[in-house]
Asks: 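Pasting a structure here, questions to come.
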Number of protein chains: 2
Amino acid sequence: MKAITVDSVVRTTRSPRATQIVEIARELLEREGPGSLTMRALAERLGIRAPSIYKHFRNKEAVELALIESALIEVGEVMYAALAEPERITSLLAAYRAYGLEHPNLYRLSTTGALDRRSLPKGLEEWSGAPFFIAAKEPHLAQALWSFAHGMVMLELDQRYPPGSELDKTWREGIKAFSAAVHQEVPAHE
Amino acid sequence: MKAITVDSVVRTTRSPRATQIVEIARELLEREGPGSLTMRALAERLGIRAPSIYKHFRNKEAVELALIESALIEVGEVMYAALAEPERITSLLAAYRAYGLEHPNLYRLSTTGALDRRSLPKGLEEWSGAPFFIAAKEPHLAQALWSFAHGMVMLELDQRYPPGSELDKTWREGIKAFSAAVHQEVPAHE
DNA sequence: ACAGTAGGCTAACAACGTTAGCCACGCAAC
DNA sequence: GTTGCGTGGCTAACGTTGTTAGCCTACTGT
């Protein structure tokens with residue numbers, strides 16, 4: 001859960017060269033898509049050869065894990081910021097959606113497939129997801145809310161909704177349903 | 001929307017050999033995972049060489065599309081069946097979840113990444129998703145419900161929930177929220 | 001002065017999807 | 001009956017991918 005301050009998040013420390021590799025990898029992924037994030041293409045942008053990257057990262061997965069780490073930090077940041085506004089759930093999901101749509105390839109990389117938790121900074125994943133628990137108050141409802149948001153973003157990114165769908169309305173309906181559930185969950189104040 | 005009868009769905013007609021290829025491909029995918037569904041491995045199980053597969057399918061994507069087609073039909077079937085029971089939304093999502101968990105690799109293949117709609121039987125995708133619209137009554141709420149279910153299944157398959165999460169409860173909370181929304185949507189009967 | 005490490009390199013490997021080009025069989029038409 | 005052609009197999013090969021082995025150079029600490 002940790003404090004809300006962004007700087008409380010532990011970032012992996014990396015050498016200047018390794019940091020640069022991650023930066024370029026991110027540009028490559030975001031601008032050209034996952035199919036273009038190859039060790040050779042990455043090396044070329046760095047002015048070196050592919051095998052040299054292995055002096056800095058164990059393998060490609062390790063580079064991707066560094067990208068995931070930065071995504072978790074960033075999405076956490078925007079979500080904690082959203083919690084400061086009124087209509088918590090609405091602004092939280094708006095921030096989540098916006099991040100996903102602005103960084104489609106990074107979002108997909110970060111949220112699909114198995115994740116090697118042991119290789120992530122301890123507590124990062126938990127910190128990043130905590131805003132849902134803060135907003136929903138009840139843990140299971142929080143996970144359900146996250147699942148809804150994730151499903152929405154993924155299906156929107158993959159263009160799986162019927163053409164012409166009014167997704168703003170879909171988000172609104174989901175938010176309405178969850179907001180009502182949250183209010184019912186805690187019958188007291190707010 | 002179409003009729004509820006399963007046989008109203010149009011299946012792509014295929015030669016016996018092509019049908020067999022799809023069958024073996026499915027076994028390979030489901031049993032060994034997506035990384036093992038290679039043209040060479042597929043060919044080996046068929047007793048032929050990889051290039052020969054291209055006499056039956058344009059490329060690997062076409063084989064995968066055939067798998068997606070069968071998945072859409074099957075998940076549609078179990079969902080229409082679920083609609084016949086009381087507690088529509090509960091049984092619908094239970095059926096959806098069960099299908100996803102029983103066919104993790106097929107589910108992932110079918111629901112992630114871009115989908116070439118033009119190459120699918122016309123109306124299949126719509127038919128397959130219609131149960132959500134029937135259950136939720138309001139189209140946007142239906143899409144939200146589907147998104148929730150999809151997000152839940154994906155995150156469960158990818159083991160993205162914190163270890164020890166009680167996912168049954170999470171499903172229940174989501175279902176509760178959406179059920180209430182559906183009842184509020186149509187203030188009249190049921 | 002010397003050793004060790006950091007960080008580059010080339011060559012190469014296995015596996016992948018895919019294409020080109022060849023060949024054998026079976027069937028229909030003349 | 002021979003001809004012709006489509007069907008469905010084959011081998012060889014290409015380009016791309018992640019990755020490893022092994023070498024070399026330059027800087028740094030003792």
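Just so we're on the same page: letters track the sequence lines, and every chain starts at 1.
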Asks: What residues form a salt bridge (Lys or Arg N to Asp or Glu O under 4.0 Å) with A/Glu64, not counting sequence neighbours?
Replies: none

Asks: Apply ring-ring contact (aromatic ring centres under 6.0 Å, His included) to A/Phe57 and list each qualifying residue two or more places apart in sequence or on a separate chain.
Replies: none

Asks: Please list, chain by chain and in numerical order, all residues satisfying salt bridge (Lys or Arg N to Asp or Glu O under 4.0 Å) with B/Arg58, sequence neighbours excluded.
Replies: none

Asks: Specify the separation, in whole Å, of atom CZ of B/Arg14 and atom C1' of D/dT7.
Replies: 19 Å

Asks: Assert yes or no for the condition that the ring centre distance of A/Tyr161 to B/Trp146 is strictly below 6.0 Å.
Replies: yes

Asks: Expressed in angstrom and rounded to an integer, what is the separation of A/Leu46 atom CG from C/dG7 atom P?
Replies: 13 Å

Asks: For DNA chain C, what residues of residues 17-25 of chain A have any heavy atom nearer than 4.0 Å?
Replies: A/Arg17

Asks: Salt-bridged, A/Arg97 to A/Glu156, with N to O below 4.0 Å?
Replies: yes

Asks: Just jot down the ring-ring contact (aromatic ring centres under 6.0 Å, His included) partners of B/His56, sequence neighbours excluded, or say none.
Replies: none

Asks: Taking the six-membered ring for Trp and the full ring for Phe, Tyr or His, determine whether the centres of A/Phe178 and A/Phe148 are under 6.0 Å apart.
Replies: yes

Asks: Report the distance from atom CZ of A/Phe57 to atom P of D/dT19, rounded to the nearest whole Å.
Replies: 13 Å

Asks: Could you give the CZ-to-C1' distance, from A/Arg49 to D/dC23, as a whole number of Å?
Replies: 16 Å

Asks: For A/Leu42 and D/dT16, what is the distance between atoms CG and P respectively, to the nearest whole Å?
Replies: 17 Å

Asks: Is any side-chain N of the basic residue among A/Glu173 and A/Lys176 closer than 4.0 Å to the acidic one's carboxylate O?
Replies: yes

Asks: Does A/Ser52 place a side-chain N or O at less than 4.0 Å from the phosphate oxygens OP1/OP2 of C/dC9?
Replies: yes

Asks: Encode nucleotides 12-22 of chain C as B, S and - characters from 5' to 3', where the letter depends on protein heavy atoms closer than 4.0 Å: B to the base, S only to sugar-phosphate, - to neither.
Replies: B---BBBBB--

Asks: Can you measure A/Ile48 atom CD1 to C/dC9 atom P for me and round it to whole angstrom units?
Replies: 6 Å

Asks: Looking at OG of A/Ser110 and CG of A/Leu67, how far apart are the two atoms once the value is rounded to the nearest 0.5 Å?
Replies: 7.5 Å

Asks: Is the phosphate of D/dT7 approached by B/His56 (side-chain N or O, under 4.0 Å from OP1 or OP2)?
Replies: no

